[in-house]
Number of protein chains: 2
Amino acid sequence: MLEAKLAEAGMLKRLLDSIKELVTDANFECTEEGINLQAMDNSHVALVAVHLQAAGFKRFRCDRPMPLGVNLGSLTKVLKCAKDDDECTLKAADEADVLNLVYEAKNSDRIAEYDMKLMDIDSDTLGIPDTEYEAEVSMPSAEFARIVRDLSALGESVRIEVSKEGVRFASEGESANGSILLKKDGEVGRVKTAKEKKADKARANGEEPEEDDEEEEENEDGEEKPKKVKKEKVKKEKGDEDVEMEDEEKDEEEFKANSDAEDEKSEPSDDEESGKKRKKKTNGSSKPAKKAKTTKGKGKGKKDEDEKTVFDFSMNSHVSLTFSLKYLVNFAKSTSMTNKVELRLSNDVPLLVDYDFGQGYVRYYLAPKIGDE
Amino acid sequence: MLEAKLAEAGMLKRLLDSIKELVTDANFECTEEGINLQAMDNSHVALVAVHLQAAGFKRFRCDRPMPLGVNLGSLTKVLKCAKDDDECTLKAADEADVLNLVYEAKNSDRIAEYDMKLMDIDSDTLGIPDTEYEAEVSMPSAEFARIVRDLSALGESVRIEVSKEGVRFASEGESANGSILLKKDGEVGRVKTAKEKKADKARANGEEPEEDDEEEEENEDGEEKPKKVKKEKVKKEKGDEDVEMEDEEKDEEEFKANSDAEDEKSEPSDDEESGKKRKKKTNGSSKPAKKAKTTKGKGKGKKDEDEKTVFDFSMNSHVSLTFSLKYLVNFAKSTSMTNKVELRLSNDVPLLVDYDFGQGYVRYYLAPKIGDE
DNA sequence: ATGCCCGTAT
DNA sequence: ATACGGGCAT
């Protein structure tokens with residue numbers, strides 16, 4: 001059975017608001033590591049991947065992996081019945097056909113309980129590329145939202161170009177063309193390999209590269225995390241199969257539904273080093289980076305306070321890709337989740353738009369337009 | 001070619017927001033003196049006149065007069081892509097069919113550039129009355145906005161009445177009637193003639209007034225009969241170049257939105273004031289505040305700092321006119337441009353609603369309703 | 001300048 | 001019913 005207690009229902013509410021327009025139904029895959037959701041948008045153009053790590057909950061227990069088929073519209077309605085600062089507990093029995101939600105006001109003078117029907121959803125877990133991108137851009141999520149919204153008023157699509165000059169967003173429309181260039185003060189770095197990132201993170205924590213994972217747990221500290229979590233982490237160190245990991249494997253490809261993705265767990269521990277080059281089994285590799293930021297929330301892991309939310313980018317080669325603004329504008333709804341967003345791009349590969357909030361992440365993948373479609 | 005750099009894009013954004021609902025397309029007439037725009041509203045009832053003086057720009061260059069046909073909707077879209085405090089540079093080559101806009105963030109780490117298509121617009125430059133109004137009202141723009149908005153909830157039109165008692169805005173609706181009376185502390189002065197204003201301005205600049213005062217006195221008495229008085233003056237000061245006068249003559253016809261109203265027969269209507277003490281030549285006294293703004297031309301002042309934005313008015317004769325609130329509410333959008341607004345009225349002549357911000361002005365002209373249409 | 005609320009459109 | 005845009009208030 002599942003029993004997960006969230007300190008603030010507001011996070012879930014914002015999360016649902018972020019993705020419900022893109023996806024109507026999806027499976028919340030619950031495991032001892034946390035909750036994952038993956039789905040193609042209704043028109044099968046974009047892919048959404050959400051992860052809520054167990055450590056991000058005030059309490060988290062999931063005896064065995066279980067998929068909860070949820071209609072996001074229904075869940076949104078039910079969540080609207082919670083106040084943002086209510087504690088929210090999600091419960092589901094094994095094989096249950098309902099999800100039980102309990103909202104408790106901070107002062108405990110009010111307890112609301114809801115049961116939401118679940119549905120069976122084809123779990124076409126998709127393989128998600130874990131590419132090592134040629135360019136990475138980090139910027140305030142509000143600025144990204146502003147840019148895509150601005151340009152969407154002019155045209156249908158935007159060309160995102162990363163060069164040593166900076167990052168350019170250009171769009172052409174009937175009555176006007178627009179181009180925004182973001183320049184960086186310092187020098188432009190190259191995208192680090194997974195290993196390098198790991199090392200960086202370790203350094204940042206003043207620790208030895210190896211056991212960095214340890215601290216991650218600490219980061220969570222705000223809430224105490226169940227020991228289980230810790231164990232997991234430990235495992236990771238060796239086994240390193242992160243939940244995310246599972247998805248990896250297929251990187252290169254766009255998103256193809258490969259129902260098997262999940263199985264491969266125990267992979268060789270981190271071979272980040274080995275795989276850095278391309279993705280091979282780099283599974284573990286990409287993650288570190290993410291975690292880095294993710295976890296960094298040492299404090300209470302709320303937003304990314306320590307992140308100054310400044311613009312920065314790195315690249316290994318010039319990248320220029322065109323995307324549908326309609327989707328990017330939609331992705332930007334996740335601005336409510338955190339003040340930073342990361343874009344990762346490689347030519348001819350889906351763009352990754354990553355919103356990493358302390359307790360997990362929301363990632364969007366969008367294939368570039370080819371030619372002038 | 002044109003190259004004009006504005007210190008704050010926000011001014012232009014607010015300006016467009018002010019008028020875009022009234023006018024969809026218009027020529028930005030660029031000359032070395034600045035930029036002018038004149039247009040009837042879409043239903044040809046109101047006239048909008050905008051002036052941006054060259055001195056109001058951080059840099060202004062216009063080699064030769066050139067009209068830039070702009071779709072205000074497109075320009076609004078493009079301007080929305082600028083942050084209020086961005087520096088905004090407008091560039092257009094001679095005969096160009098596009099207007100180039102460059103937005104530079106204050107910290108310069110972001111540069112956005114847009115090219116907006118221009119269009120050919122029949123330049124039916126309209127003659128604008130430069131009447132010497134019988135009554136002038138100066139008040140906080142927010143207060144004017146509030147009044148017309150409030151009254152628009154009750155009825156379709158408002159009667160604006162200026163008498164020694166004060167300025168009254170009255171509206172009648174099906175379910176309720178409303179009336180707002182604005183009273184002045186001091187005494188009510190009469191509207192100064194162009195010459196007097198000129199003199200005031202001169203004085204303000206520490207200069208010696210010409211010989212103007214002379215005639216002013218005489219005029220005074222004539223309070224009752226404005227028109228005639230003016231004429232008299234004209235004659236008297238023949239030599240004097242009263243631009244206003246001339247226009248006055250023709251003006252009358254300009255807006256015939258409501259065709260008839262034009263001929264100014266403005267009779268002396270109420271002469272309640274006749275006997276009053278009115279301060280003979282005291283004109284200067286009460287008015288000070290007023291003149292300040294009137295003369296605005298000079299300084300490049302931004303807002304009207306010196307103006308306390310308080311209510312004040314002057315009149316030569318009783319005035320009572322009725323206007324469509326729909327338009328006034330629309331005019332009030334310019335409240336964002338400056339904290340002061342001036343209303344100038346004469347019986348049977350279009351009302352002038354003047355928003356004078358340091359770098360230029362936005363003026364609206366609206367013909368009064370006749371009878372109870 | 002940002003956020004909230006209301007109204008309109010899809 | 002939901003989403004987007006505009007206006008008002010803080």
Side-chain angles (χ1 to χ4, degrees), chain A residues 10 13-25 41-43 46 48 71-81 83-85 116 140-156 303 309 324-339, chain B residues 7-24 72-88 103 105-107 110 112 140-153 302-303 325-337 339:
Chain A
K13 294 175 67 174
R14 293 194 305 274
L15 177 60
L16 266 292
D17 280 342
S18 294
I19 66 175
K20 71 168 189 294
E21 194 176 338
L22 228 41
V23 182
T24 57
D25 303 292
D41 81 292
N42 298 324
S43 51
V48 185
N71 172 281
L72 302 195
S74 299
L75 180 55
T76 298
K77 283 181 184 170
V78 173
L79 284 172
K80 282 186 193 291
C81 300
K83 289 188 59 183
D84 283 359
D85 61 349
M116 185 190 69
S141 55
E143 182 166 22
F144 175 67
R146 173 69 193 263
I147 290 172
V148 297
R149 244 187 295 112
D150 281 354
L151 293 181
S152 70
L154 304 180
E156 301 279 301
K303 307 279 185 168
T309 312
S324 162
L325 280 164
K326 172 185 163 192
Y327 287 95
L328 298 184
V329 168
N330 218 311
F331 298 170
K333 287 185 176 177
S334 290
T335 296
S336 63
M337 302 301 296
T338 170
N339 54 22
Chain B
E8 311 248 325
M11 187 273 275
L12 246 191
K13 293 176 66 176
R14 293 193 304 275
L15 177 59
L16 267 291
D17 280 341
S18 295
I19 66 175
K20 72 167 190 294
E21 194 175 333
L22 229 40
V23 183
T24 56
L72 301 194
S74 297
L75 180 55
T76 299
K77 275 184 188 173
V78 173
L79 284 172
K80 280 186 196 283
C81 300
K83 290 188 62 180
D84 284 357
D85 60 350
D86 282 349
E87 284 190 339
C88 170
Y103 309 140
K106 283 284 185 265
N107 41 324
R110 178 175 59 80
S141 56
E143 183 167 22
F144 175 67
R146 176 65 192 265
I147 290 172
V148 297
R149 244 189 293 115
D150 284 353
L151 293 180
S152 69
K302 312 225 132 208
K303 310 280 183 173
L325 278 164
K326 172 186 164 192
Y327 287 95
L328 298 184
V329 168
N330 218 313
F331 298 168
K333 286 184 176 177
S334 290
T335 297
S336 61
M337 301 301 295
N339 53 21

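Chain letters run A, B, ... following the sequence lines, proteins first, then strands; residues in each count from 1.
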In whole angstroms, how far is the C1' atom of D:dC4 from the NZ atom of A:Lys333? 10 Å
Minimum-distance nucleotide (side-chain atoms of B:Asp84 versus C:dA1, D:dC4, D:dC8): C:dA1
What's A:Lys20 touching, base or sugar-phosphate or nothing? Going by heavy atoms closer than 4.0 Å. sugar-phosphate
d(CD, A:Glu143; C1', C:dA1) in whole Å: 15 Å
Whole angstrom is fine here: how far is it from CZ in B:Arg14 over to P in D:dG6? 18 Å
A:Leu75 CG to D:dT2 P: how many Å, rounded? 13 Å
Separation of D:dA3 P from A:Leu72 CG (nearest whole Å): 12 Å
Can you tell me the distance, in whole Å, between the CG atom of A:Asn42 and the P atom of D:dA3? 12 Å
About how many Å separate CG of A:Asn330 and NZ of A:Lys326, when rounded to the nearest 0.5 Å? 8.5 Å
Nearest to the side chain of B:Arg149, heavy atoms from C-beta on, is which of D:dC8, D:dG6, D:dC4? D:dC8
Considering only heavy atoms from C-beta outward, does the side chain of B:Ser336 approach that of B:Ser18 to under 4.5 Å? yes
Checking A:Asp85 now: which residues fulfil side chain to side chain contact (heavy atoms under 4.5 Å, CB included) with it, not counting sequence neighbours? A:Glu8, A:Lys83, A:Lys106
For atom CG of A:Leu16 and atom P of D:dA3, their distance in whole Å: 12 Å
Pair up each side-chain donor or acceptor in residues 72-79 of chain A with any protein partner under 3.5 Å, not counting sequence neighbours, and list the distances.
from, atom 1, to, atom 2, distance (Å)
A:Ser74, OG, A:Asn71, OD1, 3.2
A:Thr76, OG1, A:Leu72, O, 2.6

Would you kindly give the CG-to-C1' distance between B:Asp150 and D:dG7, to the nearest whole Å? 14 Å
